[in-house]
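Beneath this line is the structure, given in structure tokens, with notes to follow.
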Amino acid sequence: MEIPKTFVPGEVENKWYSYWLSKNYFHSTPDDREAYTVVIPPPNVTGVLHMGHMLNNTIQDVLVRRARMLGKNACWVPGTDHASIATEAKVVQKLKLEGINKTDLTREEFLRHAFEWKDKHGGIILDQLKKLGASCDWERTHFTMDAEYSKSVIAVFIDLYKKGKIYRGVRMVNWDPEALTAVSDEEVLYKEVNSRLYHVRYKIEGSEDDWLTIATTRPETILGDTAICVHPEDLRYAHAVGKSVIVPISGRIVPVIADEYVDPTFGTGCLKITPAHDINDYELGKKFNLPSIDLFNENGTLNAHGLHYEGVDRFECRKRIASELQEKGYLVKTEDYINKVGFSERTNAVIEPKLSLQWFLSMKELAEPALVHVMNDDIKFFPDKFKNTYRHWMENVKDWCISRQLWWGHQIPAWYFGPGTNDFVVAETAVEAIEILKSKGIEKEVSQLTQDEDVLDTWFSSWLWPISVFNGITQPKNPEISYYYPTNDLVTAPEIMFFWVARMIIAGYEYLGDLPFKNVYYTGIVRDKLGRKMSKSLGNSPDPIDLINQFGADGVRMGILISSPAGNDLPFDTSQCEQGRNFANKIWNAYRLVSGWEVRAFEQPVHSKQAVTWFESKMNESLIAINSHFDKFRISDALMEIYKLIWDDFCSWYLEMIKPGYEQPIDSKTLEQTTQFFEKLMQLLHPFMPFITEELWHALTTRGESDDIIISNWPLIQTPDAHVLSSMSEVFEVISGIRNFRKTQNIAQKVKLSLVVVSDASNALDAVLVKMGNLSELKRQPSKIDGAHCFIVKGIEYYIPFGELIDVEGERNKILEEIKYTKGFLAAVQGKLSNERFVAGAPEQVVAVERQKEADALQKLALLESRLSALK
RNA sequence: GGGCAAUUAGCUCAGUUGGUUUAGAGCACUACCUCGACAAGGUAGGGGUCACUGGUUCGAGCCCAGUAUUGCCCA
């Protein structure tokens with residue numbers, strides 16, 4: 001049968017993926033083996049695969065497949081996140097296209113649309129992962145709004161509320177006065193705009209003519225001022241601290257306070273404090289216990305606190321108040337100023353910081369174990385530089401605002417029975433709420449209760465992911481959670497270290513008293529050639545599925561992993577996938593070569609025997625390195641090691657060594673040993689390139705039932721023979737010397753040469769040298785010869801007789817060049833050795849090495865000089 | 001503004017407690033090559049005053065201080 005010249009991935013991939021599924025190899029149930037568990041960072045349910053997912057999930061698959069081969073019970077749990085904000089936005093947009101406004105729908109109607117959308121688009125990304133070869137246990141697919149999962153989210157909310165960790169409080173949110181909703185920080189775009197800085201003076205109360213001048217870009221908020229603040233060490237204003245000033249227009253009396261927050265060099269060094277309309281002012285207000293005066297209506301017009309400006313839009317008011325200040329002599333001056341202003345991503349309205357009532361989780365105590373167990377390496381970070389960032393955040397952890405003004409998500413289980421802010425109880429259902437109320441002596445009916453309108457922050461459900469995918473909250477200590485938890489490795493992006501990783505650690509210790517995972521591997525951001533983050537809006541991200549179609553899943557997997565060390569950004573270019581495809585093709589052709597040989601029973605040639613002995617050691621040497629790279633999560637390095645082992649050592653050296661002449665047969669022993677090497681190489685590569693390796697595993701030999709590479713045993717290490725390895729590397733150098741000679745003298749590879757070695761001792765690998773150097777004879781003798789090209793390897797001289805060689809000049813130049821290099825080298829060594837303090841201060845061994853280098857160089861130099869004069 | 005990283009070949013990165021040839025790899029580049037597995041290939045080759053300035057040391061890519069640039073996080 002004719003084997004195609006290039007590897008054709010498409011069919012092979014589909015064939016093996018369905019085969020693996022049919023054999024249920026991805027599915028895991030608890031048993032006696034050691035568990036190896038990975039939970040997928042759940043992508044947004046409506047998302048489609050992008051390059052970031054590609055990187056992230058390929059790494060997970062590599063880890064999972066290798067663990068499976070190491071004999072562990074590997075379990076990779078897939079699933080999706082409901083992603084409240086992103087998904088709700090998509091649904092709202094889709095409805096708008098159909099002419100439906102969210103505000104016209106009831107909550108139930110909206111959710112019905114949302115679930116429809118989810119059912120339609122929810123599976124896409126998971127199907128895409130299958131194309132990539134992801135060996136997820138699909139029977140365990142979870143969604144953060146599944147019934148059981150939601151139950152655990154609500155249970156945790158109720159539990160934390162009972163523990164006194166959840167409270168309601170006022171917080172500054174980003175208010176969009178056009179959409180009439182709060183938006184998340186991620187949805188606020190900051191832009192630089194040209195505005196004006198107004199200098200306004202406030203009279204110190206009780207003084208004749210003593211004023212404090214502040215600078216502000218928002219004079220309309222003067223009506224909400226509740227203090228003036230200066231730096232405590234600012235001598236200009238020291239006399240005013242503790243006194244009060246009169247706010248212009250409103251005439252209210254407010255205190256002058258001192259705090260280091262104020263930058264004395266900015267503006268006038270006096271800062272007006274409006275706690276209701278600026279986040280920093282709000283913090284200061286809390287610190288100094290200042291009142292907050294909320295000036296605005298939800299649509300951005302002024303309310304009753306705006307006095308005669310009531311009902312006027314905030315920007316109109318800014319103009320009018322500026323002129324009133326000027327008329328009344330409060331405006332000292334105005335100047336041009338560039339500042340950053342937040343705009344709503346969706347409506348482009350200027351965001352108004354606004355105080356609102358939200359639910360909070362108090363974090364300080366909860367976060368303590370999560371900090372300790374990362375700092376002491378119970379949970380390891382790769383790379384560990386992220387421990388710093390983590391610590392910084394955890395030591396300054398703020399309370400977590402867990403409520404969102406949305407419908408898509410887990411509705412907060414708080415039931416209001418009256419108009420007051422505290423007229424509520426927290427319970428799983430309204431019926432339970434009634435019971436609780438009854439026990440408090442309040443008689444109510446279900447119809448009299450209203451549930452809190454808000455839903456929980458998405459992360460409030462995803463922080464339970466490693467627990468709730470095994471129902472660890474709703475069914476504590478069930479066999480699955482006991483077996484699979486703690487999970488082993490988490491692969492994720494550093495951007496969500498706080499949103500997600502830290503909180504999973506917190507939840508792990510709070511609810512299971514144990515860490516959620518042992519290692520966290522942080523991937524980088526996938527960037528394009530210009531260094532820009534790949535994103536949909538920029539349109540600079542290739543579609544991973546297109547790439548797979550173009551280069552094969554194996555090729556793409558290799559392309560994305562070949563240069564992505566943990567924690568580093570990955571500048572991606574499709575040429576890397578090309579490299580992956582080329583590699584697959586190289587392997588394919590190695591297989592074509594091996595499979596094409598005719599086998600005969602005859603004695604194994606000496607050079608083949610030597611080749612086998614060497615490659616055995618070489619492979620073990622690489623295996624040691626590969627295992628060690630894996631242990632350190634150096635995935636790219638492990639892949640590179642295998643890449644070089646296969647391409648350079650196996651294909652370029654080993655196969656060339658054992659290759660029979662054209663249409664010559666191979667002996668059965670060598671073929672058998674070669675096939676075994678090939679199998680092992682495929683095993684080492686399998687985690688990275690699962691499809692071609694499974695294909696060749698089966699092509700190399702006839703396999704029994706379930707003899708599949710995916711569940712084969714990872715090769716064991718046998719101690720490499722260091723002597724064989726160093727002898728062979730010497731042979732490689734000699735061969736390179738011969739090739740070099742051929743190159744410079746323009747002698748074709750097929751022309752046989754003879755080689756004279758000035759040495760008595762024979763090398764055990766001479767047969768390989770003869771074959772690979774294409775030598776007609778190899779002579780070892782004690783004396784050097786004339787009229788020959790000479791090169792030196794490890795102090796031994798090698799001569800190739802010239803024959804009718806013409807290019808003496810070229811030969812001379814080569815020698816001169818080498819003399820120049822050796823002299824420079826010698827000078828450096830001798831410089832060291834002539835330094836008395838080096839000889840006295842350095843360890844004996846180091847000095848001895850230097851002396852040896854000097855002796856070698858001197859010998860080489862003498863040799864080169866004599867060669868040169870012989871050429872004259 | 002505060003904090004944390006990084007800076008080694010054209011690109012992406014190694015360089016393991018300071019001492020194995022005057023720094024390595026992959027890709028890219030250059031030259032030559034139908035060489036009976038593979039031109040998606042082979043062979044050979046070029047390319048770096050390790051960001052800069054000082055310091056410690058017999059010895060610095062590695063340790064220390066400062067400068068510059070870049071990136072990330074927080075405000």
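Values in this document were obtained by computation on a predicted structure and should not be read as measured data. First the proteins, then the strands, lettered A, B, ... as listed; each starts at 1.
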Main chain of [Y], side chain of [X]: is a donor-acceptor contact present, judged purely on distance under 3.5 Å?
X: A:Asp259; Y: A:Cys229; result: no
X: A:Glu13; Y: A:Ala553; result: yes
X: A:Arg581; Y: A:Gly555; result: no

Carboxylate-amine/guanidinium contact [X] [Y], below 4.0 Å:
X: A:Glu818; Y: A:Lys860; result: yes
X: A:Lys387; Y: A:Asp377; result: yes
X: A:Arg600; Y: A:Asp667; result: no

Nearest-angstrom distance, [atom1] atom, [N] to [M]:
N: B:A39; M: B:U49; atom1: P; value: 38 Å
N: B:U16; M: B:C52; atom1: C1'; value: 27 Å
N: B:C29; M: B:C4; atom1: C1'; value: 37 Å

Less than 4.0 angstrom between a side-chain N/O of A:Tyr643 and OP1 or OP2 of B:A25, yes or no?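 Indeed not, no polar side-chain atom of A:Tyr643 lies that close.
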Does A:Asn740 put a side-chain nitrogen or oxygen below 4.0 Å from OP1 or OP2 of B:G45?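 Answer is yes, contact under 4.0 Å.
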Value in whole Å for how far the [atom2] atom of [N] lies from [atom1] of [X]:
X: A:Arg739; N: B:G42; atom1: CZ; atom2: P; value: 11 Å
X: A:Trp393; N: B:A5; atom1: CH2; atom2: C1'; value: 20 Å
X: A:Lys385; N: B:G3; atom1: NZ; atom2: C1'; value: 15 Å

Is it the case that the side chains of A:Thr492 and A:Tyr521 hold a donor-acceptor pair, with the cut-off being a distance below 3.5 Å and no angle test?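 No - no donor-acceptor pair under 3.5 Å links their side chains.
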Between A:Asp856 and A:Gln852, do the side chains contain a donor N or O and an acceptor N or O under 3.5 Å apart?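 The criterion, which ignores hydrogens and geometry beyond distance, is satisfied for A:Asp856 and A:Gln852.
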Between B:A44, B:A25, B:C73, which one does the side chain of A:Met640 approach most closely?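 Nearest nucleotide to the side chain: B:A25.
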Contact state string [nucleotides 35-41 of chain B, B base, S sugar-phosphate only, - no protein heavy atom under 4.0 Å]: SBBBSBS
The dot-bracket string of RNA chain B, counting Watson-Crick and G-U wobble pairs with both distances under 3.5 Å, using [ ] for crossing pairs and | for pairs to another strand, is (((((((..((((.....[....)))).(((((.......))))).....(((((..]....)))))))))))).
Chi-based syn or anti call at B:C13, which uses purine or pyrimidine torsion atoms and a 90° bound: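 Anti, since the glycosidic angle lies more than 90° from 0.
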Under the 3.5 Å rule, do the base of B:U21 and the side chain of A:Lys853 count as making a donor-acceptor pair?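 Between B:U21 and A:Lys853, which were checked side chain against base, a qualifying N/O pair under 3.5 Å is absent.
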